[in-house]
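Quick notes on the structure that follows.
Side-chain atoms are counted along with the backbone in the values below, which use heavy atoms only and exclude waters and symmetry mates. Note that the coordinates shown come from a computational prediction; the quantities given were computed from them, not determined experimentally.
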Amino acid sequence: MKPALRVSSRLASCLVAGALTLVAPAARAEFPTLEVAIQRARAQAVVVADAEGELGAARGQLAGARASALGNPYTDVQVDRPFSNHDRAGTEVQALTFTYFPVDIAGQRGKRIDEAERLIEWRKTGLVDARAIATADVVAAYGEFVVSSSRVAEAQSGETTAREEAKYFQGRFEAKDTTLYEKSIAEAEVARWVQSRAEAELRVANARARFGQLTGIPDPDKPPANAAIVPPPLRAAWDEAHVARVIDRAPIVSRLAAERTYWDASIERYEREKIPTVSFEVLAGRGSQGEARFGGGAVITLPVTRRFQGEIARAEAGRTSAARRIELYRGVVNARLRAARDAIQAVTRALDELDKNGLPALERAVAASVEGFRAGKIDLTRAMLARRDLAIARARRLDLLEASWRAYADLVTFTGDLP
């Protein structure tokens, strides 16, 4: 290879590598808003895909139920001849055909269609319930993601401050202006913040994986610094009357009610299927004397031993189970709605108090303790305790916000949308 070509080839390789390096970071998806995340979860979540598959299968059953009440005709062909010692034996051949036309005469087709339509309604409400579950899951994951990212930011800030303090005490120790105890305390504080940051980053990794799984984003970017970590405000008053209305319209309750209706229709269908089809018969052929033979008749099956006992028993058990679970889930929905509502209200009150009075007071205490320590008025332990109290209060505030997001997600589960 000529030197000029070799240089050109290397230059091209470098350019391609540089381009890939620039493109690689851009492959990470931008962090979506809560509304966009909900839309993606409703389309990408596995539970929604399963519910859509069940709905498609139910629609296929309706196509089969709409088939004609006239069954597939079938023909029985019989050819025979007599055998004897007479000279004409074996020449007298008789051929007959028996053609049957099965017909549902008791309205079985209508009952099958009604059962299939009730199944579709059941699967439709199941899809609504699945979307509500996916919405609640992504809301909880979104909240965990943004709150965990705030934990990382808090830990990084605390670690930076601790390292500055450790550097300050290292200088004083070298100048023989402080003790080894105070220097060691400052260094231990750095280690404590390093551990806190590692724990926060683990939370972020788990939250990112869950959030990406629900939204279909393989590698979502971290939330921006200005991302809201407080759940959206409630749209309704959530008084007792509103809670009662939500219970009646909860997707899980509607799904169970539709399931009970389906089992009712299934029982009616099999009760009607007890009456067998009637097969009308057309006879045509050639007799043994060569004459044409025509006739008709019907085949009637008597429902004596087999009357769809198993199918009816299964449908009755399904109906009983659905009715019992409706009452159970109404109690579950009622308890969880009230608990979530009360939790959100309690967290809101606590956050208001913390943001208005608690955290500002702790911040003033930290500033005063640091100033007092450097002025020689208080010892290092009291300054460290004040700083830790502030860090604990901020961490507990994030704990409250996580609990608030979980409670908010519970409301979403039983309303199907942002409450």
| Would Glu201 and Arg197 count as a salt bridge (Lys or Arg N to Asp or Glu O under 4.0 Å) if you check the C-alpha gap in whole Å, the side-chain angles of each, and the deciding distance to 0.1 Å? | CA-CA 6 Å; Glu201 288 174 347; Arg197 180 169 59 85; 3.1 Å; yes

| Close aromatic pair by centroid cut-off 6.0 Å: Tyr74 and Tyr100 |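 Aromatic pair counts; centres sit under 6.0 Å.
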
| Pair Tyr142 + Phe31: ring centers closer than 6.0 Å |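 Yes, close enough.
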
Regarding [X] and [Y], does a basic nitrogen lie under 4.0 Å from an acidic carboxylate oxygen?
{"X": "Glu271", "Y": "Lys274", "result": "yes"}
{"X": "Arg151", "Y": "Asp399", "result": "yes"}
{"X": "Arg118", "Y": "Glu115", "result": "no"}
{"X": "Glu182", "Y": "Arg172", "result": "no"}
{"X": "Arg272", "Y": "Asp104", "result": "no"}
{"X": "Arg269", "Y": "Asp114", "result": "no"}
{"X": "Arg203", "Y": "Glu199", "result": "no"}
{"X": "Asp417", "Y": "Arg42", "result": "yes"}
{"X": "Arg387", "Y": "Glu165", "result": "yes"}

| request: Work out which heavy atom in Asn72 is nearest to a heavy atom in Pro102; give both atom names and the distance. | output: O-CD, 3.6 Å

| field | Contact summary for Ala365 and Ala386, nearest pair of heavy atoms | value |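 Looking at all heavy atoms of both residues, the closest pair is O-CB, 4.3 Å.
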
Is [Y] close to [X] at the side-chain level, that is, under 4.5 Å between some pair of heavy atoms?
{"X": "Leu400", "Y": "Leu354", "result": "yes"}
{"X": "Leu411", "Y": "Val246", "result": "no"}
{"X": "Trp263", "Y": "Ser321", "result": "no"}
{"X": "Trp238", "Y": "Leu337", "result": "yes"}
{"X": "Ile252", "Y": "Thr413", "result": "no"}

Please tabulate, one pair per line, all N/O donor-acceptor pairs under 3.5 Å involving side-chain atoms of residues 52-62, not counting sequence neighbours.
none

With no hydrogens and no angle check, is any side-chain donor or acceptor of [X] less than 3.5 Å from a backbone partner on [Y]?
{"X": "Ser369", "Y": "Val366", "answer": "yes"}
{"X": "Ser148", "Y": "Phe145", "answer": "no"}
{"X": "Thr160", "Y": "Gln156", "answer": "yes"}
{"X": "Thr348", "Y": "Ile344", "answer": "yes"}
{"X": "Thr215", "Y": "Ala37", "answer": "no"}

Check the side chains of [Y] and [X] for a donor-acceptor pair under 3.5 angstrom, ignoring hydrogens and angles.
{"X": "Asn334", "Y": "Arg330", "answer": "no"}
{"X": "Glu35", "Y": "Gln39", "answer": "no"}
{"X": "Asp80", "Y": "Gln78", "answer": "no"}

Is the number of heavy atoms from other residues, nucleotides or ligands within 6.0 Å of [atom1] ([X]) greater than 12?
{"X": "Arg66", "atom1": "CZ", "answer": "no"}
{"X": "Tyr329", "atom1": "OH", "answer": "no"}
{"X": "Glu371", "atom1": "CD", "answer": "no"}

| field | Residue of the set Arg307, Arg112, Arg109 for which salt bridge (charged side-chain N to carboxylate O under 4.0 Å, His left out) holds with Glu273 | value | Arg112

